Amino acid sequence: MSVRYDLSGRCAIVTGGAGGLGRGIARALLAAGASVELWDQDANALTEAVVDLGRRVSRRQLDIRVAGAVEEAAQAAFASHGRIDILVNNAGVLGEVKPIWETSPENFQRVLQVNLFGTYLVTRSVVGLMRQQAARAPSAGGHPLRGHVVNIASIQGKEGMPMASAYSASKAGMIALTKSVARDTATDGIMVTAVTPSAAETAMAKEISAERRAEIMARIPMGRFVEVDEVARMVLWLSSDDCSFSTGGIFDLSGGRASY
Ligand SMILES: NC(=O)c1ccc[n+]([C@@H]2O[C@H](COP(=O)([O-])OP(=O)(O)OC[C@H]3O[C@@H](n4cnc5c(N)ncnc54)[C@H](O)[C@@H]3O)[C@@H](O)[C@H]2O)c1
C-alpha cells in the first residue's frame with residue numbers, strides 16, 4: 001500500500017467482517033492501527049477470521065436483521081471501546097440469480113432485509129451513539145470529526161442488472177440511504193459515504209455460474225474483477241480524517257463500468 005493512514009486509537013465496526021471483502025477491509029483498518037469489531041452471523045467464519053487477523057480484533061455474532069440484537073451490540077461496542085469512530089456496513093447477500101418472474105417473494109424480502117433493512121438498523125444504532133461522542137481533533141490540521149460511515153453498495157445499485165432485481169434494488173436503496181443519512185448528520189461531523197464495486201473474487205462471486213461470470217466480466221471495460229485490496233484502500237481513505245468534506249458521496253470501484 002503506497003499511502004499510509006494513522007487510525008491508532010480508533011474503533012471500527014465491520015459488518016459481514018468474517019467474509020471476503022469485510023475481512024480485507026478489517027485487515028486494512030487493523031494495519032492502519034485501528035481496533036476492529038467483526039459483526040457477522042456466521043460463528044465458524046468469525047472464529048477463523050479472528051485467528052487470521054490477529055490482535056486488536058474482536059467478534060460479535062449477530063444477525064443484522066434483528067433490531068434488538070443490533071442495538072445491544074452497538075451499546076456493548078460503545079461501552080467496551082468508549083466510542084465508535086468507523087462503521088463499515090458491508091454485510092450482504094446476493095440472493096436468487098433469476099429473472100423477476102421466476103423469483104420468490106421470500107427471496108426478495110430476505111435480500112432487502114439483510115442488505116437494506118440491516119444496514120438501516122446498524123446505522124441507526126451506531127450513528128445515534130456516534131453523535132453523543134466528542135469530536136476528535138484531526139491528526140493533521142483540518143476539521144474535528146465524530147466518525148465515518150462507509151456503506152458497501154454495488155455497481156448494480158446504480159445500473160441495475162438482469163436476474164438481480166432484489167439485489168440491485170437493495171443496493172440502490174443503500175445508495176439513497178447513504179445520501180439521506182449524510183444530510184441527517186451533515187453538521188455532526190459524521191461523514192457518510194458509499195462505494196459501488198463491480199464483482200470481486202469472494203464467496204459471493206462463487207455463487208454464480210460460469211455464464212453469469214462471463215456476462216459480468218463483459219460489462220467491465222477494464223476486463224477484470226476488482227481486488228479486495230482495491231476496495232479496502234478506498235474504504236481506508238473514506239474512514240480517515242482526510243475524508244472531511246465528502247459526505248453523501250458515492251465512490252466508483254467499477255473498472256470503468258459506471259456511466260455516472
Ligand atoms: N463480491 C462481489 O462481487 C461484490 C461486488 C459488489 C458489492 N459487494 C458487496 O460487498 C459486501 C461483502 O460481500 P462479499 O463479497 O465479501 O461476500 P461474502 O459472502 O464473502 O461476505 C458477506 C458476509 O456477510 C455476512 N452476513 C450475511 N448476512 C448477514 C446477516 N443477516 N447478519 C450478519 N452478517 C451477515 C456473511 O456471513 C458473510 O460473512 C456485500 O454487501 C456485497 O453485496 C460484493
Side-chain angles (χ1 to χ4, degrees), residues 4-19 21-43 45-64 66-91 118-140 142-152 181 184-185 188-193 232 235-244 247:
R4 305 234 164 262
Y5 296 91
D6 180 10
L7 299 178
S8 47
R10 312 274 163 123
C11 165
I13 294 168
V14 181
T15 71
L21 287 184
R23 201 181 299 194
I25 292 165
R27 199 185 304 283
L29 290 166
L30 287 162
S35 298
V36 179
E37 286 208 357
L38 308 176
W39 288 14
D40 206 291
Q41 67 175 5
D42 185 332
L46 273 173
T47 303
E48 195 208 301
V50 167
V51 172
D52 175 27
L53 293 171
R55 61 199 181 94
R56 272 186 286 109
V57 67
S58 55
R59 53 176 280 174
R60 285 183 207 278
Q61 189 197 352
L62 75 154
D63 183 338
I64 61 161
V66 181
V70 168
E71 180 59 22
E72 200 178 301
Q75 292 287 352
F78 193 71
S80 110
H81 301 273
R83 57 187 294 129
I84 301 169
D85 297 288
I86 298 161
L87 167 64
V88 184
N89 279 309
N90 164 80
T119 298
Y120 153 74
L121 287 178
V122 175
T123 307
R124 172 181 175 273
S125 291
V126 172
V127 167
L129 292 165
M130 274 182 179
R131 290 184 72 245
Q132 294 170 25
Q133 66 200 17
R136 270 186 191 278
S139 37
H143 293 265
L145 295 172
R146 284 198 171 78
H148 291 84
V149 178
V150 186
N151 295 326
I152 311 301
V181 179
D184 283 342
T185 59
D188 292 328
I190 300 173
M191 303 290 112
V192 187
T193 55
V235 172
L236 265 189
W237 181 74
L238 293 169
S239 305
S240 76
D241 291 341
D242 287 349
C243 177
S244 57
T247 197

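This one's a predicted model, so the numbers in the text were calculated from it and none came from an experiment.
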Discussion item. Quick test of your reading of the model: are Asp40 and Arg23 salt-bridged, counting only N-O distances below 4.0 Å?
Written reply: no

Discussion item. Are Asp184 and Ile190 packed together at the side-chain level, in the sense that at least one heavy-atom pair is separated by less than 4.5 angstrom?
Written reply: no

Worksheet item: Is a side-chain N or O of Thr15 found less than 3.5 angstrom from the main chain of Ala91, in a donor-acceptor match?
Response: yes

Discussion item. Checking Leu121 against Ile64 for the side chain to side chain contact (heavy atoms under 4.5 Å, CB included) test, could you report, in this order, the C-alpha distance in whole Å, the side-chain angles of both residues, the deciding distance, and whether it holds?
Written reply: CA-CA 7 Å; Leu121 287 178; Ile64 61 161; over 6 Å; no

Worksheet item: Asp85 side chain to Ala12 main-chain N or O, any donor-acceptor pair under 3.5 Å?
Response: no

Worksheet item: Just by distance, do the side chain of Arg83 and the backbone of Gly147 share a donor-acceptor pair under 3.5 Å?
Response: no

Practice prompt. Sequence neighbours left out, what pairs pass salt bridge (Lys or Arg N to Asp or Glu O under 4.0 Å) with at least one residue falling in residues 67-77?
Written response: none

Worksheet item: Just wondering, do Asp52 and Arg27 contact through their side chains at under 4.5 Å, heavy atoms?
Response: yes

Item to complete: Take Val149 and Val126 through the test side chain to side chain contact (heavy atoms under 4.5 Å, CB included) and record every step on the way to the result.
Response: CA-CA 9 Å; Val149 178; Val126 172; 5.9 Å; no

Worksheet entry | Heavy-atom pair of closest approach, residues Leu38 and Gly17 | CD2-O, 3.7 Å

Item to complete: Measure across Met130 and Ile84 and return the closest heavy-atom pair with its distance rounded to 0.1 Å.
Response: CG-O, 3.3 Å

Worksheet item: Taking atom CZ of Arg4 and atom CG of Leu236, what is their separation to the nearest 0.5 Å?
Response: 10.5 Å

Worksheet item: Short question: side chain of Ser125, backbone of Ala74 - any donor-acceptor pair under 3.5 Å?
Response: no

Worksheet item: Would you say Gln133's side chain and Arg146's backbone share a donor-acceptor pair under 3.5 angstrom?
Response: yes

Fill in: Worked check of side chain to side chain contact (heavy atoms under 4.5 Å, CB included) between Thr47 and Arg59
CA-CA 8 Å; Thr47 303; Arg59 53 176 280 174; 2.7 Å; yes

Worksheet entry | Minimum heavy-atom distance between Asp63 and Ala69, given as atom pair plus value | O-CB, 4.5 Å

Item to complete: List in chain and number order the residues that pass ring-ring contact (aromatic ring centres under 6.0 Å, His included) with Tyr120, two or more places apart in sequence or in another chain; answer none if no residue qualifies.
Response: Phe117

Worksheet item: How close do Met191 and Leu145 get, heavy atom to heavy atom, and via which atoms?
Response: CE-CD2, 3.9 Å

Response to the item:
For Gly9 and Arg136, the nearest pair of non-hydrogen atoms, with its separation, is O-NH2, 2.9 Å

Worksheet item: Can you name the closest pair of heavy atoms from Val57 and Gly54 and give their distance?
Response: CG1-O, 2.7 Å

Item to complete: Please tell me if the side chains of Ile86 and Val150 come closer than 4.5 Å, counting only heavy atoms from C-beta onward.
Response: no

Worksheet item: Any luck finding a side-chain donor-acceptor pair between Thr123 and Asn89 under 3.5 Å?
Response: yes

Worksheet item: Should Ile152 and Ile25 count as side-chain neighbours, where that means a heavy-atom distance under 4.5 Å?
Response: yes

Item to complete: Taking Arg56 for its side chain and Leu30 for its backbone only, find out whether a donor-acceptor pair lies under 3.5 Å.
Response: yes

Worksheet item: Quick one: are Ser239 and Arg10 in side-chain contact, heavy atoms under 4.5 Å?
Response: no

Worksheet item: Quick one: are Leu53 and Val36 in side-chain contact, heavy atoms under 4.5 Å?
Response: no

Discussion item. Within this structure, what is the CG-NE2 distance for the pair Asp242 and His148, rounded to the nearest 0.5 Å?
Written reply: 8.5 Å

Worksheet entry | Heavy-atom donor-acceptor pair, Thr247 side chain to Val192 backbone, under 3.5 Å | yes

